[in-house]
Protein chains: 2
Amino acid sequence: MAGRVFFSVSMSLDGFIAPGSLGDLMGRQWMELQRWVFPQRFFRENLKLGAGGEEGRDNDILRETFARTGASVMGRRMFDGGERMWPEEAPFHTPVFVVTHHRRDPWERPGGTTFHFVDEGIEAALDRARAAAGDRDVRIAGGGATILAYLNAGLVDEFSIALSPVLLGAGVRLFEGVDAGRVALELVRTEPSPRVTHLTYTVRRR
Amino acid sequence: MAGRVFFSVSMSLDGFIAPGSLGDLMGRQWMELQRWVFPQRFFRENLKLGAGGEEGRDNDILRETFARTGASVMGRRMFDGGERMWPEEAPFHTPVFVVTHHRRDPWERPGGTTFHFVDEGIEAALDRARAAAGDRDVRIAGGGATILAYLNAGLVDEFSIALSPVLLGAGVRLFEGVDAGRVALELVRTEPSPRVTHLTYTVRRR
């Protein structure tokens, strides 16, 4: 059985998933967007921040999202930012396909993450990710513009949003520029946790 | 005990609560925003659309929101639109205070709704609504600009959003222009229903 194509992001109640510039990333409100993630056991393990951490539904969701992912796709800007910020053992542990205009040899990191650079467009990158993922799913990792390109092209099967109780007022809006006339949603699941609301939708074409 | 000040709206997943123009109001996507409301028994009763309708958590939430409301506040544009669209027996059945620049005598409708026109600003309108509501709550009914003015002024205690599984792409954004540096939220409750996700937050100042 072929895997599904999904994305999974934390979004503020006013629709933002990232600050407009990297300089804002450590601002107080931006920490609140991801605050539900930092104390989780899986997050700490995966970034080798030490033992311990919370276990519960939030942690299970992080672990399940990781486990279902056989390959990831990301945009060039997310890769450029991450290349500076990820630890040497990048936290994907699968093949990652970077949509770019610049050819580059694959970049293998310790721990099983290999970045492949695809300069033939978003469909080609997804085809390669599907082949690499086998029967597991393909995650469109980000950033916002890349997620939206896949969503508008009808290439996303479902997505999850961790809706954080914070208003940010500015930044990258997840759905800015969505083709609202084509993209229809169905609410699959709402899972409350004390810190955040986990929402899952499937996508179909109108 | 004094009542609380709240608002309660249906919002699309991309943050819109109303179309940009009345002409769009009957469009397919806009119907989806409120689709969870139309089949409910309370909605049908209150607008005298006939007997029957669904009963369940969605219906209870509509009924509870109505029952807690001792008075409403609305902006002039919402009143102007509603004046043309509400039935003669307007659906509030309480005093409604309209924030306006134009003085006008109170307008009493059959069924207990009386519109009072307040030209001394949003705080004066709220003071009058609080006095009228007694120990019940004051609802900031809308539209978006009026809700935001009260939210940014620190005058809202809590709010509820029925998050609809639809992307609209354009219209009036609930939180456009929010003072994100001042308005902090706490997630009080998430209630899933098959059609929509009911979210409740309290508001505090940073």
Side-chain angles (χ1 to χ4, degrees), chain A residues 9 11-17 19 24 27-30 32-33 35-36 57 148 151-152 156 158-171 173-204 206, chain B residues 9 11-17 19 24 27-30 32-33 35-36 57 148 151-152 156 158-171 173-204 206:
Chain A
V9 294
M11 185 174 90
S12 69
L13 185 60
D14 55 347
F16 297 100
I17 59 168
D24 297 334
R28 184 173 54 176
Q29 281 104 304
W30 288 102
E32 290 180 27
L33 181 65
R35 178 177 284 169
W36 72 278
R57 194 61 196 123
L148 198 69
L151 187 63
N152 281 344
V156 173
E158 66 172 62
F159 62 86
S160 295
I161 290 177
L163 192 68
S164 291
V166 59
L167 297 169
L168 294 170
R173 277 201 172 98
L174 176 55
F175 294 113
E176 185 80 60
V178 70
D179 185 353
R182 299 291 312 274
V183 180
L185 307 182
E186 188 173 336
L187 177 58
V188 176
R189 197 165 52 247
T190 299
E191 289 191 87
S193 91
R195 287 203 171 82
V196 77
T197 305
H198 297 283
L199 304 162
T200 302
Y201 301 88
T202 52
V203 183
R204 54 182 177 74
R206 285 184 195 277
Chain B
V9 295
M11 185 174 90
S12 69
L13 185 59
D14 55 348
F16 297 99
I17 59 167
D24 298 333
R28 185 174 53 176
Q29 282 104 305
W30 287 102
E32 290 179 27
L33 181 64
R35 178 177 282 169
W36 72 278
R57 194 62 196 122
L148 198 70
L151 187 63
N152 281 344
V156 173
E158 66 172 61
F159 63 86
S160 295
I161 290 177
L163 193 68
S164 291
V166 60
L167 298 169
L168 294 170
R173 276 199 172 100
L174 176 57
F175 294 113
E176 185 79 59
V178 69
D179 186 352
R182 299 292 310 275
V183 180
L185 307 181
E186 188 174 336
L187 177 58
V188 176
R189 196 165 53 248
T190 299
E191 289 191 87
S193 92
R195 287 203 172 82
V196 77
T197 305
H198 297 282
L199 304 162
T200 302
Y201 302 88
T202 51
V203 184
R204 54 181 175 74
R206 286 184 194 277

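Just so you know, these numbers use all the heavy atoms, side chains as well, and skip hydrogens, waters and symmetry mates. In what follows, every chain begins at residue 1, and chains take the letters A, B, ... in the order their sequences are listed.
Residue A:Ser164: no heavy atom, backbone or side chain, is found under 4.5 Å from chain B. Using a 4.5 Å cut-off between heavy atoms, B:Ser193 touches chain A through its backbone atoms (N, CA, C, O) alone.
Across B:Gly169 and A:Ala180, no two heavy atoms sit closer than the pair N-CB, 3.9 Å.
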With a 3.5 Å cut-off and sequence neighbours excluded, list the donor-acceptor pairs that the side chains of residues 185-192 of chain B form with protein atoms.
| from | atom 1 | to | atom 2 | distance (Å) |
| --- | --- | --- | --- | --- |
| B:Thr190 | OG1 | A:Thr197 | OG1 | 3.0 |
| B:Glu191 | OE1 | B:Arg57 | NE | 2.6 |
| B:Glu191 | OE1 | B:Arg57 | NH2 | 3.3 |
| B:Glu191 | OE2 | B:Arg57 | NH2 | 3.2 |

### B:Met11/A:Leu13 under side-chain contact (heavy atoms from CB on, under 4.5 Å): CA gap, chis, key distance, verdict
CA-CA 10 Å; B:Met11 185 174 90; A:Leu13 185 60; 4.2 Å; yes
